[in-house]
Amino acid sequence: MSSEDLRSTRLDKVAQLQALGLNPYAYRWEVTHHAAELQQQYAELPNGEEVEIEVAIAGRIMARRVFGKLAFFTLQDETGTIQLYLDKGKIEASMPEVENAFAHLKQLTDAGDILGVKGNLRRTDKGELSVGVSQYQILTKSLLPLPDKWHGLTDVEKRYRQRYVDLIVNPEVQQTFRRRALITAAIRRLLSEKNFIEIETPVLQTEAGGADARPFITHHNTLEMDLYLRIATELHLKRLIVGGFERVFEMGRIFRNEGISTRHNPEFTSIEVYQAYGDYLDMMDLTEELITVPAQEVLGTLQISYQGEAIDLTRPWRRITMHDLVKEHTGLDFTQFTSVEEAKTAAKAAGIHGIDEIQSIGKLLNEAFEQKVETTLIQPTFVTDYPVEISPLAKPHRSKPGLVERFELFIVGRETANGFSELTDPIDQRDRLEAQAARKAAGDLEANSVDEDFLTALEYGMPPTVGMGMGIDRLVMLLCDCASIRDAVAFPLLKPETPES
RNA sequence: GGGUGACUGGCGCAAUGGUAGCGCAUCGGACUCUUAAUCCGCUGGUUCUGGGUUCGAGUCCCAGGUCACCCA
């Protein structure tokens, strides 16, 4: 039967229900119980026993096993499933106002329909906890067939494009998004307990700043100007620190006009946290808490498994400088190089490629780190003390020339968080942002213009501050064991199936 | 950006270059303890799109689309 035939069969049933005066799109159903709660509460009910308590539940019919005068449905609500025991005699005695109530149930319902039922609880002789239904109402008639009840929906493309179908037939998918909500709630609660407040900053901006990334451009009609979607929340949150807030954060959507992969979605959720009067050492402590507290709450353990790899989140996490890590993995001591050429020659000899155009020792160090070290950092590791060349918003290191007080957190070989003692010297900041603007003028699409108002704010004076940004999607991937960011995002961006042109 | 692979009824899958088939669901029938219910019967397809090779293409070739994985 074709898709259209299946649908028109269901539409016929809609018409039949309407002709019978049974609205196939009901208004409400008083739900008193949920499946999982009943399964747990009556786990000890013996086979063949019934309890004289009336329950009213609602959910989607997932399976139908129909006999002549008896039927069993599997009903799925948000919490799980429970069987319905549908006895012709009992239903027709309890629903005298509807003629042939049992026949309608058999003929006019399908797997996929939303059903509300009332009845009492019983455990069948075969041991299945069931609602012995006395009354039912078809709450919503479904027009489209569900995927195969046994094999389910496995086509990943369809799972992402039609997440609602994925959620209906793959209940474990629901768990990821439930956990995601618990993780973000735990983070917000923890920060609130530490007197951080969340302040929302603009998504539409006249300058995209705070990170090296290509922005999305949109257009405001009445102002007749292009606007950028934010690529970071950094510069506005720092303005709030200038304004006198000492502890602020924002968890929200960021947009970067870049590639799509198992680790990148064009829109993603970040949290940025700023704390006045602290430095990057303080923030490493807080970062550990911001991951371990949700992990412990949501998973109940700090010993987690990611794609088959055992990860130990027990604090404290290893802290090691970028220089030491590169030395450990390549034998190269970048502190010893006195010229770019010397560093480049040594790096090439160590097997680091694609560095011909690079014109600074710090960037060579970073290349060596990314190529030789990054993916080896499986257990949580804070990499510290980055080159100033790749850290335009970070404060110079108090004792190491050429470096800044910055850390990045790596887990399972992925950058998960990034923090630094914030640069508070407005003159130094202007120099660095202007250098970046020069790169933009020279054609670097990831470089951005100078945000003059941000520099003005810094000139009013920002207290010593530490800031940190963390990718929430990647944290969810880690804690929910998702191989792809698309499994951690309810509705990931996909190309349209049928392009216009 | 490069490479590899996948794409066939609603869903899950078959088919040496030779009649497009199976399971589930649907539809009709039987059935008061099933749970992938069972039994009987019947439907349902522009094989992702467009070209090409061939007597003949789901299958081979070219181009395009979407997705997945790997690499940069």
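The figures that follow rest on heavy atoms only: side chains count, while hydrogens, waters and symmetry mates do not. Keep in mind that what you see is a predicted model, and the values were worked out from it rather than measured.
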Sugar-phosphate only, base, or nothing, as touched by A:V66 at under 4.0 Å among non-hydrogen atoms: base

Within residues 87-143 of chain A or reaching into it, pairs that qualify as ring-ring contact (aromatic ring centres under 6.0 Å, His included) - sequence neighbours excluded: none

Sugar-phosphate, base or nothing in reach of A:K88, heavy atoms under 4.0 Å: nothing

First of A:Y85 and A:S2 reached from the 5' end of RNA chain B, by closest nucleotide: A:Y85

Protein-to-nucleotide contact annotation, 5' to 3' order, nucleotides 22-28 of chain B [B base; S sugar-phosphate only; - none; under 4.0 Å, heavy atom]: -BBSBS-

Euclidean distance, atom CD of residue A:E157 to atom P of B:A68 [Å, nearest integer]: 7 Å

Lys/Arg N to Asp/Glu carboxylate O, A:E78 vs A:R178, below 4.0 Å: yes

Exam field: side chain A:T184 to backbone A:A181, donor-acceptor pair closer than 3.5 Å: yes

Minimum heavy-atom distance A:L229-A:P215, with the two atoms named: O-CB, 4.1 Å

Nearest-angstrom distance, P atom, B:C24 to B:U19: 25 Å

Heavy-atom check, side chain of A:I311 versus side chain of A:Q379, under 4.5 Å: yes

Pair A:D212 + A:R439, salt bridge at N-O below 4.0 Å: yes

Sorted by number, the residues of residues 39-63 of chain A with heavy-atom contact under 4.0 Å to RNA chain B: none

Atom-pair distance (NE2 on A:H264; P on B:C70), nearest Å: 13 Å

Whole-Å distance separating the CD1 atom of A:I82 from the C1' atom of B:U35: 13 Å

Touch class at under 4.0 angstrom, heavy-atom based, for A:T262 against every strand present: sugar-phosphate

Validation row: A:R163, A:F177 side chains within 4.5 angstrom (heavy atoms): yes

Phosphate contact (B:C11 OP1 or OP2) by A:K158 side-chain N/O below 4.0 Å: yes

Distance between P atoms of B:U16 and B:C61 (Å, rounded): 16 Å

Contact check, side chains of A:R159 and A:V173, non-hydrogen atoms, under 4.5 Å: yes

Pairing of A:E389 and A:K363 as salt bridge, 4.0 angstrom limit: no

P-based separation of B:A36 from B:U26 [nearest Å]: 16 Å

Qualifying side-chain hydrogen bond (donor to acceptor under 3.5 Å, both in side chains) pairs, either residue in residues 30-41 of chain A, two or more places apart: A:R28-A:E30

Interatomic distance, A:L75 CG vs B:U35 C1' [rounded to whole Å]: 14 Å

Sugar-phosphate only, base, or nothing, as touched by A:G152 at under 4.0 Å among non-hydrogen atoms: sugar-phosphate

Ion pair check, A:D110 and A:K141, cut-off under 4.0 Å: yes

Touch class at under 4.0 angstrom, heavy-atom based, for A:K495 against every strand present: sugar-phosphate

Touch class at under 4.0 angstrom, heavy-atom based, for A:Y160 against every strand present: sugar-phosphate

B:A20 versus B:C48 - spacing of their P atoms, nearest Å: 15 Å

Separation of B:G1 P from A:R214 CZ (nearest whole Å): 11 Å

Nucleotide nearest A:R486 when distance is taken to its side chain, options B:C11, B:C67, B:G44: B:C67

Selected nucleotide, minimal atom distance to A:L70 side chain, candidates B:C67, B:G10, B:C33: B:C33

Nucleotide B:C11, atom C1' - distance to CD1 of A:I168 in whole Å: 13 Å

Euclidean distance, atom CG of residue A:L153 to atom C1' of B:C67 [Å, nearest integer]: 13 Å

A:F73: partners by ring-ring contact (aromatic ring centres under 6.0 Å, His included), with sequence neighbours left out: none

Whole-Å P distance, B:C22 and B:A15: 15 Å

Within residues 334-374 of chain A or reaching into it, pairs that qualify as ring-ring contact (aromatic ring centres under 6.0 Å, His included) - sequence neighbours excluded: A:F334-A:F337, A:F369-A:F410

Sugar-phosphate, base or nothing in reach of A:T154, heavy atoms under 4.0 Å: sugar-phosphate

Qualifying residues under side-chain hydrogen bond (donor to acceptor under 3.5 Å, both in side chains), relative to A:E370, sequence neighbours excluded: A:N366

Distance-only side-chain donor-acceptor flag, A:N23 / A:Q18, under 3.5 Å: no

Gap in Å between the two P atoms, one belonging to B:A57 and one to B:G1, rounded: 35 Å

Salt bridge (charged side-chain N to carboxylate O under 4.0 Å, His left out) contacts in which one or both residues fall within residues 328-343 of chain A, not counting sequence neighbours: A:R318-A:E328, A:K327-A:D333

Set of residues satisfying ring-ring contact (aromatic ring centres under 6.0 Å, His included) with respect to A:F420, sequence neighbours excluded: none

Stem regions touching RNA chain B, defined by at least 3 consecutive Watson-Crick or wobble G-U pairs below 3.5 angstrom: B:1-7 with B:65-71, B:10-13 with B:21-24, B:27-30 with B:38-41, B:48-52 with B:60-64

Members of residues 472-484 of chain A that approach RNA chain B, where some heavy atom sits under 4.0 Å away: none

Residues from residues 115-124 of chain A lying under 4.0 Å of RNA chain B - heavy atoms: A:R122, A:T124

Rounded C1' spacing from B:G21 to B:G45 in Å: 11 Å

Check: A:E49 and A:R123 side chains under 4.5 Å, non-hydrogen atoms: no

A:N120 side chain to A:E54 side chain, donor-acceptor N/O pair below 3.5 angstrom: no

Whole-angstrom distance between B:C55 and B:G12, as gauged at atom C1': 36 Å

Length of the CG-C1' vector between A:D487 and B:A68, whole Å: 12 Å

First encountered from the 5' end of RNA chain B, between A:R65 and A:R263: A:R65

